Protein chains: 2
Amino acid sequence: MSINYAILGILSYKSYTGYDIKKIIQDSTFMYWSGNNNQIYKSLIELLDEDLVTSEIQHQESSPSKKIYTITDKGLIKLKNWILSEPSLPEFKNMFLVQMAWSDSLSSEELNELLAKYENDIKTQIIMQKEKRVRDAFKPNRTTREFRLWDLIYDNIISSYENELIWIQKVKRMLISTEGGE
Amino acid sequence: MSINYAILGILSYKSYTGYDIKKIIQDSTFMYWSGNNNQIYKSLIELLDEDLVTSEIQHQESSPSKKIYTITDKGLIKLKNWILSEPSLPEFKNMFLVQMAWSDSLSSEELNELLAKYENDIKTQIIMQKEKRVRDAFKPNRTTREFRLWDLIYDNIISSYENELIWIQKVKRMLISTEGGE
DNA sequence: GGTGTCATGTAAACAGTTACATGATTTT
DNA sequence: AAAATCATGTAACTGTTTACATGACACC
């Protein structure tokens, strides 16, 4: 499971509990998994079985016990090998394109409304992602280079949405400019 | 299942067999499902159960029998309602960003190599997607507007990859310009 | 007194992929 | 002679989501 590498990465930064990891993944845009319990706790069991992480139980008064996971040397090697491995291509899954593919059955008004809704949703996303960039708590910053790498990851996400915005605005222009034409 | 709407859309264009639909989806970039048998044939059974499509068996000499699926009025209504419904946001799933997040553990050379590989893969994709745009067989074109809509879908895919290329080139510049710095 | 956070985990359902199975015809 | 295409379908597995379950504390 690819989420295992995301978790190994997080643990290479610092030791965490499953609950911590869950929150980090849920709050992250680029670590795109939902981060539900089932995924995280199952992953951690797998990583333990493969000796890529160890766990230490920490009892607390008046709070549930924690299991703190720490990456092993074997885990660090596995992580580095994966980082060095062939990158995979981004997956663009956009149900809106499927909707658009058959939207010639709509009237101009209906189609314009649909496009406007999508444009609005994208604009909202851009604002949200820009806020996230400023507010996010989990942002490794051990070296100047690491800080820049993480900054560029935020750039990627924001520019993806901005590119989508430019595209949908082009779509609107192209369809309005030819309305009723031919 | 969202693929059901993609199939309804295809059948709103023309009646097809499961095998035809499978090939259309496999060849399409924006209909992003793998289009394996299990998905298609299961979907078609569901659509039949809900009376959104009907099937007609066509026997052929010296070839396996076909089941030709045709959309019903109920199916057309269901499709139109879905097209008019709230669009969902695009999903950008990019494992490369996760790789990059922890790549400060690499040397400059290793990192540059990783970035170069990704840049190359993206460039290849752009060429492939531009070829697909020209060569694709399945491209509804019943009205000028429909032709334009499909053209804009191709634009979306290509511009997504082009945006990714611009981004990775920026990443290279940003990291090289500060190499060894601070 | 209800909701939210901390912290672990499991059960059931749904979605998706890979591989298997059949059998004829066509292409290399 | 082998591989690919046409055409249907199933089995087994993997991955993902939603919901359930527990229990204490903090906040409103």
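Predicted, not measured: the structure shown is a model, and the values here were computed from it. Each chain gets a letter, A, B and so on, in the order its sequence line appears, and its residues count up from 1. Values below: all heavy atoms of this structure, side chains included; hydrogens, waters and symmetry mates excluded.
- At a cut-off of 3.5 Å, with distance as the only test, no side-chain donor of Y69(A) or D20(A) sits close to an acceptor on the other residue.
- Nucleotide dT17(D) holds its P atom 10 Å from the OH atom of Y32(A), rounded to whole Å.
- Comparing dA7(D), dT8(C), dT17(D) by their closest approach to the side chain of K66(B) singles out dA7(D).
- Taking the six-membered ring for Trp and thresholds of 30 and 60 degrees, F96(B) and Y118(B) have nearly parallel ring planes, at less than 30 degrees apart.
- Geometrically, K14(B) does not engage F138(B) in a cation-pi contact, judged by NZ or CZ lying under 6.0 Å from the ring centre and within 45° of the ring axis.
- Nucleotide dT8(C) holds its C1' atom 14 Å from the CD1 atom of I68(A), rounded to whole Å.
- Once rounded to the nearest 0.5 Å, the distance linking CD1 of I158(A) with CG of L165(A) reads 13.0 Å.
- Listed in residue order, the members of residues 11-30 of chain A having a heavy atom less than 4.0 Å from DNA chain C are T17(A), G18(A), Y19(A), K23(A).
- Listed nucleotides: dG9(C), dT17(C), dT16(D). Nearest to the side chain of K67(A): dG9(C).
- Both tests do not hold together for K22(B) against Y16(B): distance to the six-membered ring centre under 6.0 Å, angle to the ring axis within 45°.
- Spacing between atom CD of E46(A) and atom P of dT14(D) amounts to 10 Å, rounded to whole angstrom units.
- A donor-acceptor contact under 3.5 Å is formed by the side chain of N37(B) with the base of dT8(D).
- In this structure, L115(A) and L175(A) approach most closely via the heavy-atom pair CD1-CD1, 3.8 Å.
- Contact between the side-chain N/O atoms of Q39(B) and the OP1/OP2 oxygens of dT17(C) is found at a separation under 4.0 Å.
- When the P atom of dT8(D) is taken as reference, atom CD1 of I45(B) falls 12 Å away, rounded to whole Å.
- The distance from atom CG of N36(A) to atom C1' of dG9(C) is 12 Å, rounded to the nearest whole Å.
- The distance between atom CD1 of I57(A) and atom C1' of dA7(C), rounded to the nearest whole Å, is 13 Å.
- One can place CD1 of I40(B) at 12 Å from P of dG9(D), the figure rounded to the nearest angstrom.
- Here Y41(A) does not reach the OP1 or OP2 of dG9(C): none of its side-chain N or O atoms lies under 4.0 Å away.
- Heavy-atom distances to DNA chain C give each of K42(A) and Y69(A) a nearest nucleotide, and the one nearer the 5′ end belongs to Y69(A).
- Taking 4.0 angstrom as the limit, S34(B) places a side-chain polar atom (N or O) nearer than this to OP1 or OP2 of dT17(C).
- Note: L84(B) CG to Q99(A) CD = 8.5 Å, rounded to the nearest 0.5 Å.
- Going from atom CE of M31(A) over to atom P of dT16(D) covers 15 Å, rounded to whole Å.
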